[in-house]
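Both backbone and side-chain heavy atoms feed into the values below; hydrogens, waters and symmetry mates do not. Throughout, a chain's letter reflects where its sequence line sits, starting with A, and its residues are numbered from 1. Source: prediction; values computed, not measured.
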2 protein chains.
Amino acid sequence: MISIEKIKRIDFEKEGQVFKALGNPLRLKMVSLLMNDECCVTDITNTLGISQSTSSQHLNILKNSGIVSPKRYGTKICYAIENEEVKQLILMLIEKYNKE
Amino acid sequence: MISIEKIKRIDFEKEGQVFKALGNPLRLKMVSLLMNDECCVTDITNTLGISQSTSSQHLNILKNSGIVSPKRYGTKICYAIENEEVKQLILMLIEKYNKE
DNA sequence: TTACAATATCCTAATATTATAATATAATAG
DNA sequence: CTATTATATTATAATATTAGGATATTGTAA
């Protein structure tokens, strides 16, 4: 359990950002797509059926909240999930909502 | 790891809601406040220093996304975290950002 | 250098969130 | 019943988010 003292030290603005970034269906879809393997912007764009501009903007939001990180391969840029904790969060939610 | 097939079956709108609800510093603060024990609207309002209306509206968002649930005691209504999974999500993030 | 492919940024309109004031409801006491 | 306390709802104005077109940048090949 969290103590009152610990709660007082939390940076809610910063922590909220991670949830906020994941709180958009398109971005959540992107992250889920990246769960298996890294993927370049064009492929993400085509898979989700959105404009390249939109794709790039959402990836930027995910990058800024520390969820994904880019890696350049020549002219292509591949995005991958940055940290394991985020993967765990997604997995937990998927477990929660997709019990068969 | 998640399979492509499993990803296709995910309801991103619905799952995104939980993250979205937690993606607001005030709501995250509310949830953290409720981690220790249930709390009535007036106390939440006063603790966070916000208006009663704002408080009520945010609690409603948290309720609709299945994070908290109300319980009436006479004229007072106390909110509590709905389930352990949500507690786990919060705890994971707090661990992540408050390593000392 | 030029041409091209991949990605990012800028701009704008549509839409969604947010906070507050005012009002409504619900439970209880008298 | 009325009055009071606690909470919810409604309306609205300010702000933020979103999507896509146009444009800019970056890297590579010729």
Side-chain angles (χ1 to χ4, degrees), chain A residues 11-34 37-82, chain B residues 11-34 37-82:
Chain A
D11 182 346
F12 291 97
E13 289 290 345
K14 190 180 177 188
E15 295 201 22
Q17 274 196 344
V18 177
F19 283 128
K20 195 171 188 175
L22 296 175
N24 172 288
L26 221 44
R27 288 195 292 268
L28 196 52
K29 221 175 272 188
M30 283 179 165
V31 171
S32 298
L33 201 67
L34 298 176
D37 202 1
E38 61 177 19
C39 192
C40 74
V41 180
T42 302
D43 288 349
I44 293 170
T45 301
N46 294 335
T47 303
L48 301 186
I50 56 180
S51 76
Q52 184 269 317
S53 168
T54 301
S55 196
S56 183
Q57 283 178 98
H58 282 298
L59 283 168
N60 191 248
I61 290 170
L62 289 173
K63 188 184 72 179
N64 289 338
S65 49
I67 295 171
V68 303
S69 57
K71 206 160 147 188
R72 186 178 276 279
Y73 296 101
T75 152
K76 286 192 179 184
I77 294 180
C78 288
Y79 280 83
I81 305 270
E82 169 88 28
Chain B
D11 182 346
F12 291 97
E13 289 290 343
K14 191 179 177 188
E15 295 199 22
Q17 274 197 344
V18 177
F19 283 127
K20 197 172 187 174
L22 296 175
N24 173 289
L26 221 45
R27 288 196 292 269
L28 197 53
K29 221 176 270 187
M30 283 180 165
V31 170
S32 299
L33 200 67
L34 297 176
D37 203 2
E38 61 178 19
C39 193
C40 73
V41 180
T42 302
D43 288 349
I44 293 170
T45 301
N46 293 336
T47 303
L48 301 187
I50 56 181
S51 77
Q52 183 269 317
S53 171
T54 300
S55 197
S56 183
Q57 284 178 99
H58 282 298
L59 283 168
N60 191 248
I61 290 170
L62 288 173
K63 188 183 72 178
N64 289 338
S65 50
I67 296 171
V68 303
S69 56
K71 206 161 147 189
R72 186 177 275 279
Y73 296 101
T75 153
K76 286 191 179 185
I77 295 180
C78 287
Y79 281 82
I81 304 276
E82 172 85 31

Of all the nucleotides listed (dA6(C), dT18(D), dT18(C)), which has the minimum atom distance to the side chain of Ile61(B)?
-> dT18(C)

Rounded to whole angstroms, how far apart are CD1 on Ile44(A) and P on dA6(C)?
-> 14 Å

Heavy-atom donor-acceptor pair, Ser53(B) side-chain to dT9(D) base, under 3.5 Å = yes

CG of Leu62(B) versus P of dT17(C): gap in Å, rounded?
-> 14 Å

Check: Ser32(A) side chain, Leu28(A) main-chain N or O, donor-acceptor pair, under 3.5 Å = yes

In whole angstroms, the gap separating P of dT7(D) from CD of Glu38(B) amounts to 12 Å

Just call it for Lys63(A): base, sugar-phosphate, or nothing, with non-hydrogen atoms closer than 4.0 Å on any strand.
-> nothing

Tyr79(A) near the nucleic acid: base, sugar-phosphate alone, or nothing, with a heavy-atom cut-off under 4.0 Å?
-> sugar-phosphate

Is the base of dA8(C) touched by the side chain of Gln52(A) through a donor-acceptor pair closer than 3.5 angstrom?
-> yes

Atom CG of Asn60(B) and atom P of dT25(C) are separated, to the nearest Å, by 17 Å

Residue that, paired with Ser55(B), satisfies side-chain contact (heavy atoms from CB on, under 4.5 Å) out of Asn60(B), Leu48(B), Ile50(B) = Ile50(B)

Rounded to the nearest angstrom, tell me the gap between atom NZ in Lys76(B) and atom C1' in dT4(D).
-> 14 Å

Pick base, sugar-phosphate or nothing for Ile50(B), based on heavy-atom distances below 4.0 Å to the nucleic acid.
-> nothing

Grab the CG-P distance between Leu48(B) and dT7(D) for me, whole Å please.
-> 14 Å

Going by modelled atom types, is there a donor-acceptor pair between the base of dA8(C) and the side chain of Gln57(A) at under 3.5 Å?
-> no

Does dG20(D) have OP1 or OP2 sitting under 4.0 Å from an N or O in the side chain of Thr54(A)?
-> yes

Is any side-chain N or O of Asn24(B) closer than 4.0 Å to OP1 or OP2 of dT17(C)?
-> no

Take Ile44(B) and Met30(B), measure what side-chain contact (heavy atoms from CB on, under 4.5 Å) needs, and give me the verdict at the end.
-> CA-CA 7 Å; Ile44(B) 293 170; Met30(B) 283 180 165; 3.9 Å; yes

Using a cut-off of less than 4.0 Å, is there contact between a side-chain N or O of Ser56(A) and OP1 or OP2 of dA8(C)?
-> yes

Measure from the side-chain heavy atoms of Lys20(A) and tell me the nearest of dT18(C), dT17(D), dA19(D).
-> dT17(D)

Here the gap from Gln17(B) atom CD to Leu22(B) atom CG, rounded to the nearest 0.5 Å, amounts to 11.5 Å

Stepwise side-chain contact (heavy atoms from CB on, under 4.5 Å) check, Leu59(B) with Ile77(B) = CA-CA 11 Å; Leu59(B) 283 168; Ile77(B) 295 180; over 6 Å; no

Can you check whether His58(B) has a side-chain N or O nearer than 4.0 Å to OP1 or OP2 of dT17(C)?
-> no

Write down the distance between CD1 (Ile77(A)) and P (dT9(C)), rounded to a whole number of angstrom.
-> 9 Å

In whole Å, what is the span from the CG atom of Leu59(B) to the C1' atom of dA19(C)?
-> 15 Å

Distance below 4.0 Å between Arg72(A) side-chain N/O and dT7(C) OP1 or OP2 | no

Any donor-acceptor N or O pair under 3.5 Å, side chains Gln52(B), Thr45(B) = no

